[in-house]
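These notes are about the structure you will find just below.
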Protein chains: 2
Amino acid sequence: MPERALKMLPLTAEPAGVPIDCRNCGAYQLCMSLWLKTGDASLLERVVKKKQVFKRGEVLYRMGQSLEYIYVIRGGSVKTCVSTEDGQVQVMGFHIAGELLGLNAIGNRQHNCEARATGVTSVCEVSVDRFEELAREDPAIQYEIFKIMSAEIRHSQELLLLLGKHNADERLAAFLLNLSQQFAQRHCSATEFNLSMSRSDIGDYLGIAEETVCRIFARFQDDGLVSSECRHIKLNDVERLQQIACHRPSRDLRNIVGSDLKA
Amino acid sequence: MPERALKMLPLTAEPAGVPIDCRNCGAYQLCMSLWLKTGDASLLERVVKKKQVFKRGEVLYRMGQSLEYIYVIRGGSVKTCVSTEDGQVQVMGFHIAGELLGLNAIGNRQHNCEARATGVTSVCEVSVDRFEELAREDPAIQYEIFKIMSAEIRHSQELLLLLGKHNADERLAAFLLNLSQQFAQRHCSATEFNLSMSRSDIGDYLGIAEETVCRIFARFQDDGLVSSECRHIKLNDVERLQQIACHRPSRDLRNIVGSDLKA
DNA sequence: CGCGCTATTGATGACGCTCAAGACCCGTGG
DNA sequence: CCACGGGTCTTGAGCGTCATCAATAGCGCG
């Protein structure tokens, strides 16, 4: 037996709530527009109601709750999810520093999902009323909101494709590659990082059981694709992961080689 | 053997491209805002570039194509879907009279999915540039766009929950109930209607195989839940369909009865 | 120090996919 | 007019993937 390392890294291994540089923040354009437009730095202070810190597991907002604040993540990590009355959970996404939360509820003033910190997380809390006021006045801000909502729809579509058409291996590979990209965008290592979410969360995101996540991690590790020590992940063979994520690993690869591609 | 009716209704059985009343159109608020704001009915004419008709199977726009028009469906039906390079398809949604298509691409000016008519379909084609111009000038229009995009995100979330956490029976039951609601909103019969999409489309929407869709339709019919003659559907027992859609039919029902509910 | 949470691994079986075949409907061309 | 092919729908047989149940172990926290 391959004898994988079993030591558990403490859950607090992540760098936690260090505020990011504003220039890397997803709300940068928004904030800068505000500032440039008005030339009034104090406006920022008035818009950003307060900076708040959530501990692991704490709730930023719940489903059905009325929308009062938009949250800008400064550091840490958050998951958003919907759930049914019988306790089933579907994680919609994992969010890290620089992302905005709550915008998707701007249409009906009511949160349609729940947001919960998966690690120590600090956020900027922004009043929705002011936010909208500003959007009405400044087309640039309005457009930023469109862009963010569009991106959210695109993300949902990708996830739907993943859940509807791909098996467990493909889902997990795609998930890891996605994370990798996400970190790269924030100027962190694309091949070595810490997961802020549990195996169970990953399963609830990818629509597979917690145990299946474990098993696939173990198999990927045995195959030399990744090194996973609990929540510390290292991607050893990104290319092969990409193959797994796109095609179906073995059978279809043969088919593709043997077939003449047609539009 | 229960001997289900086998006769196929012609695909052209649907009422096809009769334009809906503007007051039932999803763009009604939008159009009215325009009109009231400017008092200029001719503006509508300038915004709505032209009214166009697509035949079954024709493409309104493709993935990756640059966004030029928003489409308002006047009559007929459209499916939107994303696909992978190896030909797998995930249907994102089915759309009928009164809905707007293309808005989700407003953030990056590039369509992130494909839209294809599933029956004879007539649409209003609206220039995006003018549309945005108007949104910049009129907060009411801006807000309408937010609302529509929010609704789209909510819909994706529901579908994700369905694909991630529910079995094939539950998915199909939920699908039928959803359709029922959709028709009810448009003042059509909630219990008897024609499907505009094929079994294969339904499968591609719900993340199950075409054959599985057939089998479940057959079983639902044998159980007296629905009458399905090819594309003509009649819901005979909405309540039981709802039970199937929410809970898991048998095992969990027993569990729920026997357990004390807790928050 | 013990309880609870997370992660891991094994055994088992069911759900749903795949392949295959046939029926029916439609449009097209001989 | 009829024959034909292509598309849609249906049903059967067989098997693989993955969920479920169960047991164990490590770590965090009170």
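Just so it is clear, the values below take in all heavy atoms, side chains as well, and ignore hydrogens, waters and symmetry mates. Numbered from 1 within each chain, the chains take letters A, B, ... in sequence-line order.
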Nucleotide C/dA7, atom C1' - distance to CD1 of A/I208 in whole Å = 15 Å
Quick note, A/T212 side chain, CB onward, closest among D/dT11, D/dA19, C/dT6 is D/dA19
So among A/T118, A/T121, A/I96, which one has a side chain to side chain contact (heavy atoms under 4.5 Å, CB included) with A/V78?
-> A/T121
Find the distance B/R171:CZ to C/dG16:P and express it as a whole number of Å.
-> 7 Å
Closest nucleotide among C/dC17, D/dG12, C/dT9 to the B/R215 side chain | D/dG12
Does B/R56 place a side-chain N or O at less than 4.0 Å from the phosphate oxygens OP1/OP2 of D/dT8?
-> yes
Any donor-acceptor N or O pair under 3.5 Å, side chains B/S196, B/S77 = yes
Interatomic distance where CG belongs to A/N194 and P belongs to C/dT6 [whole Å] = 17 Å
Just how far, in rounded Å, is P of C/dC17 from CD1 of B/I216?
-> 8 Å
Whole-Å distance separating the NZ atom of A/K55 from the C1' atom of D/dG28 = 15 Å
Pair A/R240 + A/D223, salt bridge at N-O below 4.0 Å | no
Whole angstrom is fine here: how far is it from CG in A/D169 over to C1' in D/dG16?
-> 13 Å
Apply side chain to side chain contact (heavy atoms under 4.5 Å, CB included) to the pair B/Q90 and B/T84, showing each step before the final yes or no.
-> CA-CA 9 Å; B/Q90 173 66 44; B/T84 60; over 6 Å; no
Of all the choices, C/dT18, C/dA7, D/dC9, which nucleotide is nearest to the side chain of B/S198 once you look at every atom?
-> D/dC9
Could you work out which one of C/dT9, C/dT18, D/dA19 sits closest to the side chain of A/A218?
-> C/dT9
Given atom CD of B/E210 and atom P of C/dG16, what is their separation to the nearest angstrom?
-> 17 Å
So, does the side chain of B/E211 form a donor-acceptor pair with the base of C/dC19 at under 3.5 Å?
-> yes
NA contact type, A/G57, heavy-atom cut-off 4.0 Å: base, sugar-phosphate, or nothing?
-> nothing
Look at B/K79 together with B/D204 and state whether they make a salt bridge at an N to O cut-off of under 4.0 Å.
-> no
Atom-to-atom span, CZ of A/R199 to P of C/dT6 - whole angstrom = 12 Å
Contact class for A/G203 (heavy atom, under 4.0 Å): base, sugar-phosphate, or nothing?
-> nothing
